[in-house]
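From a predicted model like this one, the values you see are computed outputs, not experimental measurements. Numbers restart at 1 for each chain; the letters A, B, ... are given by sequence-line order, proteins then strands.
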Protein chains: 2
Amino acid sequence: MSKDSPNAASPSPARQRRSSDQVTLSQVAQAAGVSPITASRALNNPDKVSDSARLSVLQAVEKLGYVPNLVAGSLASSRSRLIAVIVPSLINSVFVEVIKGLQETLEAEGYQILLGNTDYDLDREYQLVRTFLGWSCSALVTAGLRHNKACHTLLANWDHPIMEVMELGKGMDLNVGLDHVAAGRCMADHLLDKGYRHIVYVGARLSQDYRASMRYEGHKAVLKEKGIDAPLLELDTLGSLQAGAEGLAQVLAQYPHTQAIHFANDDLAAGALLAAQRQGLNVPGDIAIAGFNGLPLGQHVTPQLTTILSPREEMGRLAAKELIRRLSGKNVYRRQHDVGFTLQTGGST
Amino acid sequence: MSKDSPNAASPSPARQRRSSDQVTLSQVAQAAGVSPITASRALNNPDKVSDSARLSVLQAVEKLGYVPNLVAGSLASSRSRLIAVIVPSLINSVFVEVIKGLQETLEAEGYQILLGNTDYDLDREYQLVRTFLGWSCSALVTAGLRHNKACHTLLANWDHPIMEVMELGKGMDLNVGLDHVAAGRCMADHLLDKGYRHIVYVGARLSQDYRASMRYEGHKAVLKEKGIDAPLLELDTLGSLQAGAEGLAQVLAQYPHTQAIHFANDDLAAGALLAAQRQGLNVPGDIAIAGFNGLPLGQHVTPQLTTILSPREEMGRLAAKELIRRLSGKNVYRRQHDVGFTLQTGGST
DNA sequence: AAAACGAATGGTAGCGCTATCATGACAGCG
DNA sequence: CGCTGTCATGATAGCGCTACCATTCGTTTT
């Protein structure tokens, strides 16, 4: 760009302006022979303009290769069509499946996902929330009902929909999830039904994965009601096949009379099951194994894994639908949705 | 806000303005006793202002609970610190691991990820790219080198870094990946070394997962050089344990003399291996099985899966680092980075 | 001592879009 | 014929922030 010759004595300095060479809506409007605001309407509220105006604007858009500047649009309208999604982990496929459900539903409605990962750190969550609020997100989805104080205050004063997913409970606004305490009870009931009495619960990093500890609470309550001890073994690596194998080894060492292991999730359970197989242990004869989540892997190991199926993609889809309903100004009849769970009995118990 | 009394004969109508009740930088500046621009600098270029000014601005931010409006900032500076990431699928954990690597590196530098999912549809990719350009993204990461015409044109005229990941080749700008043809060759070499001659390649939806078909090309080339036939079986469900089990069944039916199956990925291979186990087939005695990716699952089945390990998180991290280097104006010495792969031999071949 | 320089700060003018209000044209109605 | 109502369009004024240039003041250079 050659700047204009700096004509000397000009009193108004004619300040040099930056300019992105991008096509603007004004240029489109000019090419279409309408005012900028009509061009804007032609694109965003097509039924507010005449057919002829709409047509010539669309032609100009095509001809000039116009790409709308969404940043400017958001600033002017303070609506961004961005949805913040905050999850504690991407390694854990459970969250990814929820994201998948959210995404396919939200993208279809023209929303985009801003993704944040807290690594199970609530302070990190607070930082992400701050950033995302700065983007004037239309809504925020977060995994879990627990937040730190600052985050809670910030969100409580925010006037957009907040959707808390995964677990069920008294949330800030909208909530889609399942009852983890009940899920823990359910599996404990099943194990008792099967006649097991020496049952160990094995979890990984329960202070982080507090939903797993809620399941343990349910598990423990059921056993206590029968006067049965409910030992807990906590691993300090995150859930993985490897951790599951280690969990099995530790249980066998520390609680030699154990008949069944209730694992906090399927990764651990499958890891243990495959390890048992390698060691020539009979499942469930020598030791019974149960998990949680209903991952496909559990259906392909031998014996099939007893687990609790959680509808993860469905949870994401439902959360997205409820958000969309709310964002389009419709009434929300229920703030809380229980997606439930299903006991899936396999040969492993 | 009570609007000013509409003093009658005023020629300027004193238009009613919307106002979000959010704290603005001007309010912070006022509270801190400095000009708005100094407040801006105190937050974004701390070393451009005096210690006293910075301190009073930070105190005012704290006191008022100021959250920067990033939309406004982006519009004014035409820099957004958003990075668009476009992947074909979230079900396939491979892409998620790359995202993980990208995210942990980019978030640490203050960038946010805008996530898009094409579902293996290049037209969908084009739409996503359009949207993301509208957000003035600082850079764009896309999985793969193939784009449709419109997308290519759009990107070619875009003046921000573009990072194409997963595969290696002549890209639009930056490229981090591995040579899939070579990976296919590598596994074929291994299978020949092991003495197998009747080898079937099994893939799923190869027109979509074209990197798997590149691996097949490598595989086929190696076998052809030895004058060996390289039959291909294509499944039309996406890669999964279930599909792998079906693949095994189809191979046994259609090619009864098969000695080894080279699967397009580990999900398929592990599914086949677990199915073989259920059916009492000996691996590798009756049939050898090989995969691609190096998923943890492959190390936990018996026998361990022979596979090719691809450094997925590392790919994401490296891509992010290169982008950051480029975004911070440093010289880029290499536009192309080969992250390589490793043959991991297990008992399954 | 004059000139030159750098550091800290501020005034101004937008970034590209849309909300708000205003206008003009035309139809319906008593 | 004036009044009101609807429709399509446009002029104007920001949304909240930062780039650009100008200014001030204290320090260094010649």
* To do: Remember a base hit wins even if backbone is also touched, and classify A:Arg79 as base, sugar-phosphate or nothing at under 4.0 Å, heavy atoms.
  => sugar-phosphate

* To do: Report the distance from atom CD1 of B:Ile37 to atom C1' of C:dG10, rounded to the nearest whole Å.
  => 8 Å

* How close or far is atom P of C:dA8 from atom CG of B:Leu55, stated in whole angstroms? -> 15 Å

* To do: Before accepting this row, confirm whether a basic side-chain N of the pair A:Arg146/A:Glu167 lies closer than 4.0 Å to the acidic partner's carboxylate O.
  => no

* Gap between atoms CG and C1', on A:Leu43 and C:dG16 respectively (whole Å) -> 13 Å

* Asked: Taking the nucleotide of DNA chain D with the closest heavy atom to each, which residue, B:Arg41 or B:Ala72, is nearer the 5' end?
  -> B:Ala72

* Tell me whether the OP1 or OP2 atom of C:dT18 has a side-chain N or O from A:Ser77 closer than 4.0 Å. => no

* Asked: Which sits closer to the 5' end of DNA chain D, A:Val34 or B:Pro36, going by the nucleotide each is nearest to?
  -> A:Val34

* Report the nucleotide, chosen from C:dG10, D:dT9, D:dG16, that has the shortest atom-to-atom distance to any side-chain atom of B:Ser35. => C:dG10

* Asked: With respect to the phosphate group of D:dT18, does any side-chain polar atom (N or O) of B:Ser40 fall under 4.0 Å of OP1 or OP2?
  -> yes

* side chain to side chain donor-acceptor pair (under 3.5 Å) between B:Glu125 and B:Thr142: does it pass, once the steps are laid out? -> CA-CA 9 Å; B:Glu125 180 188 51; B:Thr142 170; 3.0 Å; yes

* For B:Gln22 and D:dC17, what is the distance between atoms CD and C1' respectively, to the nearest whole Å? -> 12 Å

* Taking CG from B:Leu70 and P from C:dC15, how many angstroms apart are they, rounded to a whole number? -> 21 Å

* Taking the nucleotide of DNA chain C with the closest heavy atom to each, which residue, B:Gly33 or A:Val67, is nearer the 5' end? -> B:Gly33

* Rounded off to whole Å, could you give me the CG-to-P distance for the B:Asn45 and C:dA8 pair? => 12 Å

* Asked: Should B:Ser50 be listed as having a side-chain N or O under 4.0 Å from OP1 or OP2 of C:dA8?
  -> no

* Decide if atom CD of B:Gln27 counts as having more than 12 heavy atoms of other residues, nucleotides or ligands within a radius under 6.0 Å. => yes

* To do: Please tell me which of the listed nucleotides, C:dC17, D:dC17, C:dT9, lies nearest to the side chain of A:Tyr66?
  => C:dC17

* Provide, to the nearest angstrom, the distance between the CG atom belonging to B:Asn44 and the C1' atom belonging to D:dC17. => 9 Å

* Asked: Is atom CD of A:Gln30 surrounded by more than 12 heavy atoms (other residues, nucleotides or ligands) closer than 6.0 Å?
  -> no

* **Residue A:Leu25, side-chain atoms from C-beta onward, closest of C:dT18, D:dA19, C:dT20** => C:dT18

* To do: Please check if atom NE2 in A:His152 has more than 12 non-hydrogen atoms from other residues, nucleotides or ligands closer than 6.0 Å.
  => no

* Would you mind telling me which of C:dC15, C:dC17, D:dT9 lies closest to the side-chain atoms of B:Ala76? => C:dC15

* Atom-to-atom span, CG of B:Asp47 to C1' of C:dA8 - whole angstrom -> 12 Å

